[in-house]
Each structure stands twice: as structure tokens, then as C-alpha cells.
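As the structure is a prediction and not an experimental result, all values here were calculated from the model.
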Amino acid sequence: MTVERVGKEGTPVLKMMTATLDELIVIQQQLIRYAERKQTVLIEHKIDELTELVKEETRLIRRLGQLEDERERLVTEVLEEHPGLSFSEFTEQVPDEAARRALQEQLTTLKQLLLELQAKNRQNEKLVQDSVDFIQGMIGHITTPVKQPYNYPPKSGAAPKQSTNRGFFDTKA
């Protein structure tokens, strides 16, 4: 098994893979912290802070995409070197026990972080949706035509006034 095949710049592919996974883990952890901060900012309605967080998050996501491309390239390189194996099978067959355990731990950590980030993003999405629903409800309440008069109804013998069904902002003071 040629696990220590040399990749670009003379670095073994396995070491490049673990370095890439380490960086992916760090970025996922940062994204989780941003998701937690976003939750607080959403609850407190701090739009300026939210804008800054989204900008920082976008930068991290770009870097995450670059690292993911690198990880995919390294996995492809490993699998070309070991045809017939999946990456999971490859990791199980890494001859160095410490390297194998470290690689498997990195992959497990990355999966757990991804699940945690997805859960936090779902919570934030729900907060945003609740805010949008509230705003739409308020707009609907303010702009919906009034079907009942603001004062007492006419006496039974009196002729009913013709209603124009104007919205709240369309009524006269």
C-alpha cells in the first residue's frame, strides 16, 4: 500500500489530507460560533451586527469551498492509487495505527460538527421565518380593510351607512 505517496510540494498525501481535514474542522467550528452569534443577534433584532456576521460567514464559506475542493482532489488521488477501495475502506487499511486513528477521528469530528451546524442553521432559519411571519401579519393587520365600524353599530331602525371598507391608513381621523 502506497499511503505515503508524495503529493504536491513533496508532502505525503495522507499528511496533506489530515492538514486539510484539520483546517475544515477549524472552519466548521468557526461557523458554529457564528451561527450561535447569529441566533443572539436575530433574537435581539440587531440588523447591523447580522450584516457583519453574514459577511464574515460568507468569507469562511468561500474558504470552506476551497478546502472541500482540495479534500475531494486528495480523496480522488488516494482512490486512484487504490482502485476498488472506498475512502472509508482506505482509512481502515492505513498501516500506521496512530495515523489511521487520527484520520478516523477527524472524519468523525467533521461529521459531528456538520450535524451541529445544520441544527443551529435550522434554528436560525426558524427565527428568521417567525420574524417574517410576524411582520407580514402586522402589515396585513394594518392594511386589511376594516369590516366593522370603529364605534357602535347603527340603531336597528336607522339606515346603515354605506361602508367603503378602507384600510387602517385610508380612514379619516
Side-chain angles (χ1 to χ4, degrees), residues 3-82 85-94 96-144 168:
V3 174
E4 291 297 316
R5 186 169 154 251
V6 176
K8 66 179 183 182
E9 300 171 11
T11 307
V13 175
L14 191 58
K15 287 182 182 176
M16 289 171 55
M17 176 67 74
T18 56
T20 300
L21 291 174
D22 278 339
E23 200 170 343
L24 281 167
I25 288 169
V26 168
I27 288 178
Q28 288 287 352
Q29 290 168 334
Q30 288 175 321
L31 286 171
I32 288 170
R33 283 192 298 276
Y34 283 180
E36 290 167 347
R37 283 178 49 203
K38 272 199 315 192
Q39 187 173 29
T40 303
V41 166
L42 285 168
I43 290 170
E44 295 173 357
H45 303 291
K46 295 180 178 178
I47 304 303
D48 293 336
E49 280 186 51
L50 180 62
T51 302
E52 287 304 312
L53 276 173
V54 169
K55 286 178 186 176
E56 292 172 28
E57 190 178 49
T58 301
R59 180 188 52 80
L60 278 178
I61 290 171
R62 263 191 244 116
R63 179 65 184 139
L64 183 75
Q66 293 168 345
L67 287 169
E68 187 59 26
D69 290 344
E70 176 67 10
R71 184 197 64 78
E72 286 177 8
R73 186 190 66 72
L74 292 169
V75 167
T76 301
E77 195 173 319
V78 165
L79 295 180
E80 285 174 356
E81 188 71 26
H82 302 87
L85 290 180
S86 69
F87 190 73
S88 296
E89 293 168 337
F90 166 77
T91 58
E92 292 170 6
Q93 294 180 9
V94 172
D96 180 1
E97 176 76 21
R100 178 175 57 245
R101 246 186 281 121
L103 187 59
Q104 289 171 335
E105 284 177 20
Q106 284 178 310
L107 293 171
T108 301
T109 300
L110 204 50
K111 287 176 190 174
Q112 290 170 341
L113 290 172
L114 181 61
L115 292 174
E116 184 179 350
L117 181 60
Q118 287 173 337
K120 289 190 182 305
N121 282 338
R122 277 192 298 275
Q123 288 173 338
N124 287 345
E125 184 179 344
K126 175 128 177 57
L127 285 172
V128 169
Q129 188 59 49
D130 288 348
S131 292
V132 168
D133 291 345
F134 175 76
I135 291 168
Q136 286 177 337
M138 291 304 295
I139 289 171
H141 179 70
I142 292 172
T143 59
T144 302
F168 180 76

Spatial distance of atom CZ (Arg100) from atom CD (Gln93) [nearest 0.5 Å]: 9.5 Å

Separation of Leu42 CG from Glu49 CD (nearest 0.5 Å): 11.0 Å

Distance-minimising heavy-atom pair for Leu117 and Ala35: CD1-CB, 4.1 Å

Separation between CD of Glu77 and NE2 of His82, rounded to the nearest 0.5 Å: 11.0 Å

Residue pair Asn121 / Glu125, side-chain donor-acceptor N/O under 3.5 Å: no

Criterion side chain to side chain contact (heavy atoms under 4.5 Å, CB included) on Val78 and Leu14, from CA distance to verdict: CA-CA 8 Å; Val78 165; Leu14 191 58; over 6 Å; no

Non-hydrogen atoms of Phe87 and Leu107 that approach each other most closely: CE2-CD1, 3.9 Å

Residues Glu56 and Arg59 bridged, charged N to O under 4.0 Å: no

Shortest non-hydrogen separation from Glu36 to Glu116 and the atoms involved: OE2-OE2, 4.4 Å

Rounded distance [0.5 Å steps], CD in Gln112 versus CD1 in Ile25: 10.0 Å

Between CG on residue Leu60 and CD on residue Gln28, distance to nearest 0.5 Å: 10.0 Å

Arg101 bridged to Glu105 by N-O distance under 4.0 Å: no

Note: Glu23-Arg63 ion pair, threshold 4.0 Å (strictly below): yes

Main-chain N/O of Thr18 paired with Gln106 side-chain donor or acceptor, under 3.5 Å: yes

Nearest non-hydrogen partners of Leu103 and Thr91, listed with the distance: CD2-CG2, 3.3 Å

Glu44 CD to Leu50 CG distance, which is reported to the nearest 0.5 Å: 12.0 Å

Beyond-backbone contact of Val75 with Met17, side-chain heavy atoms, under 4.5 angstrom: yes

Cationic N near anionic O, under 4.0 Å, Glu70 to Arg73: yes

Salt bridge Lys126-Asp130, side-chain N to carboxylate O under 4.0 Å: yes

Where Ala99 and Val94 come nearest, the two heavy atoms and their spacing: CB-CG1, 4.2 Å

Gln118 side chain reached by Leu115 side chain, heavy atoms, under 4.5 Å: yes

Heavy-atom pair of closest approach, residues Leu21 and Leu110: CD2-CD2, 3.8 Å

